[in-house]
Amino acid sequence: MKPNFVVIGAARSGTTSLFQYLEPHPEIGMSQVKELNFFSNPTYWNKGFDWYESRFPNASSIKAAGEASTSYTKAPFTDDVPGRIAHYNPAMRLIYVVRDPIERYLSHYLKRVQTGIESRPFERTLDNLDNEASAWQGRYFYQLEHYLQKFDRDQLLVFAMEDLKHNAADTVKRIYRFLNVDETYQAPDLNRIHNATNRVVMKSPMGKWISEFYRRHLEQRDLPFTFKKAVASLGDIGGQEIRKPALTEAQRDKLQRFYHQDSRLLQSEFGIDTSTWVPE
């Protein structure tokens with residue numbers, strides 16, 4: 001079946017848990033690998049639509065086929081992802097999960113360290129936020145504006161991660177209705193949180209090599225999760241464990257100023273309560 005919905009982000013906002021919650025539904029077919037990055041990565045885009053569609057199940061019972069790639073809300077650091085998605089399927093339905101952008105930025109920093117992509121001290125990432133792709137992934141309204149240039153408003157479902165965390169059953173049913181699948185289905189394990197970052201290790205040179213090998217050769221392969229997790233954990237060898245950064249008042253103020261206007265627009269246009277994210 002041709003994919004007809006995409007979870008477009010945001011990174012570190014519960015998309016892995018959402019993927020796992022949707023996957024058991026008999027009328028939903030999730031991709032073999034969660035983050036296909038087809039519309040954002042030139043290497044995968046050049047493989048063509050047949051390659052993309054081969055990554056999804058083809059059972060006759062499936063009414064909604066989809067994936068979840070957080071790189072699809074990474075403007076302006078990616079090519080025209082909304083345009084590519086619209087070119088492939090103008091009727092695509094889009095799901096976007098958001099959270100406090102400062103907490104998301106902190107979580108994303110830790111995840112990037114854990115995967116070997118980031119090696120700078122946290123404070124260095126604040127030197128020029130305009131040049132930080134991860135920072136822009138928390139400007140949710142900015143990301144949505146790009147999609148609204150290609151898709152109708154009713155093709156977008158936007159909700160807060162807190163809805164998924166504290167009221168998962170009703171939130172998942174809301175998604176079922178959005179995807180036009182049986183909303184009476186009771187998804188299992190809705191209280192389980194997936195992909196939480198507990199232990200974070202700044203990688204050694206060997207660890208960086210292992211992590212890069214994993215990203216290049218294993219991450220996109222349909223292999224058992226336990227095997228992939230075990231290989232990825234080898235990247236911790238020789239590294240140094242770090243903790244979640246404690247923001248200084250000046251650092252928090254800088255991030256609040258970066259996100260203030262965007263968060264207010266998200267609240268006014270999409271009804272997301274951002275009052276606890278940034279001060280008035």
Side-chain angles (χ1 to χ4, degrees), residues 1 3 5-26 28-48 50-59 62 65-72 74 97 107-119 134 164 168 172 187-242 244:
M1 177 180 176
F5 80 93
V6 177
V7 179
I8 57 175
R12 309 306 300 161
S13 298
T15 59
T16 300
S17 292
L18 179 57
F19 184 96
Q20 297 295 334
Y21 298 161
L22 295 179
E23 190 171 39
H25 196 295
I28 295 177
M30 301 303 293
S31 56
Q32 297 168 352
V33 175
K34 179 203 166 212
E35 303 217 22
L36 293 179
N37 298 314
F38 176 69
F39 298 102
S40 59
N41 186 309
T43 298
Y44 301 137
W45 175 253
N46 290 334
K47 290 178 180 288
D50 288 343
W51 176 86
Y52 182 60
E53 292 175 8
S54 73
R55 311 303 299 275
F56 295 86
N58 197 29
I62 292 174
E67 54 136 329
S69 293
T70 60
S71 62
Y72 295 166
K74 203 175 178 180
V97 194
S107 178
H108 203 182
Y109 170 76
L110 293 173
K111 184 65 174 180
R112 287 167 56 80
V113 169
Q114 183 58 29
T115 55
I117 297 172
E118 181 62 81
S119 59
S134 178
L164 194 63
V172 169
D189 298 325
L190 291 180
N191 293 323
R192 183 179 178 187
I193 298 175
H194 298 263
N195 201 31
T197 301
N198 298 315
R199 182 172 181 267
V200 179
V201 175
M202 187 71 76
K203 300 296 184 282
S204 66
M206 174 60 74
K208 288 181 181 178
W209 184 89
I210 293 172
S211 297
E212 178 66 17
F213 177 87
Y214 172 81
R215 286 195 300 275
R216 287 181 177 271
H217 301 289
L218 296 177
E219 191 171 41
Q220 283 289 333
R221 296 182 64 182
D222 185 18
L223 297 168
F225 174 76
T226 52
F227 172 76
K228 294 171 74 172
K229 185 176 181 180
V231 174
S233 69
L234 294 175
D236 291 349
I237 295 174
Q240 181 178 358
E241 187 170 354
I242 67 168
K244 179 181 177 180

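Numbers here are sequence positions counted from 1.
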Value for NZ (Lys244) from OG (Ser107), rounded to nearest 0.5 Å, stands at 8.0 Å

Taken to the nearest 0.5 Å, the spacing of Lys228 NZ from Ser233 OG works out to 14.0 Å

Are side-chain heavy atoms of Phe38 and Val6 found at a separation under 4.5 Å? no

Search all heavy atoms of Val97 against all heavy atoms of Leu18 and return the closest pair with its distance. CG2-CD2, 4.0 Å

Could you state the interatomic distance from CD1 (Ile117) to OH (Tyr109), rounded to the nearest 0.5 Å? 13.0 Å

State the CD-NZ distance between Glu118 and Lys203, to the nearest 0.5 angstrom. 12.0 Å

Return yes when atom CD of Glu23 has more than 12 non-hydrogen atoms of other residues, nucleotides or ligands closer than 6.0 Å, and no otherwise. yes

Any idea how His217 and Phe213 line up, ring-wise: parallel (<30°), tilted (30 to 60°), or perpendicular (>60°)? tilted

So which atom in Ser31 and which in Phe56 form the shortest heavy-atom distance, rounded to 0.1 Å? CB-CE2, 3.6 Å

Enclosure of Asn191 CG (heavy-atom neighbours >12, cutoff 6.0 Å): no

On the 0 to 90° scale, with breaks at 30° and 60°, tag the Phe39-Trp45 ring pair as parallel, tilted or perpendicular. tilted

Main-chain N/O of Val201 paired to Gln114 side chain as donor or acceptor, under 3.5 Å: yes

side-chain contact (heavy atoms from CB on, under 4.5 Å) between Val200 and Glu241, intermediate numbers included: CA-CA 6 Å; Val200 179; Glu241 187 170 354; 5.9 Å; no

If I compare all heavy atoms of Leu190 with all of Ala168, which pair ends up nearest, and what's the gap? O-CB, 3.8 Å

For Ile242 and Leu110, run side-chain contact (heavy atoms from CB on, under 4.5 Å): C-alpha distance rounded to whole Å, both residues' side-chain angles, the deciding distance at 0.1 Å, then the answer. CA-CA 9 Å; Ile242 67 168; Leu110 293 173; 4.1 Å; yes

Quick check: do Phe19 and Glu35 have side-chain heavy atoms less than 4.5 Å from each other? no

Minimum heavy-atom separation for Arg199 to Asp236, with atom names? NH1-OD2, 3.4 Å

Which heavy atom in Ser134 sits nearest to a heavy atom in His108, and how many Å separate them? OG-ND1, 2.9 Å

Between the side chain of Ser69 and the main-chain N/O of Tyr72, is any donor-acceptor distance below 3.5 Å? no

Which word best sums up how the rings of Trp51 and Tyr44 line up, parallel for under 30°, tilted for 30 to 60°, or perpendicular for over 60°? parallel

Atom CG in Leu223, atom CD in Gln32: separation rounded to 0.5 Å? 10.5 Å

Closest approach of Tyr21 and Ala187, non-hydrogen atoms and distance? O-CB, 3.8 Å

Does Val231 form a side-chain contact (heavy atoms from CB on, under 4.5 Å) with Phe227? I'd like the steps, not just the answer. CA-CA 6 Å; Val231 174; Phe227 172 76; 3.8 Å; yes

In sequence, state the C-alpha distance, the side-chain angles, and the governing distance for Leu234 and Tyr214, and then conclude on side-chain contact (heavy atoms from CB on, under 4.5 Å). CA-CA 10 Å; Leu234 294 175; Tyr214 172 81; over 6 Å; no

Please round to the nearest 0.5 Å and tell me the distance separating atom CG of Leu36 and atom NZ of Lys47. 11.5 Å

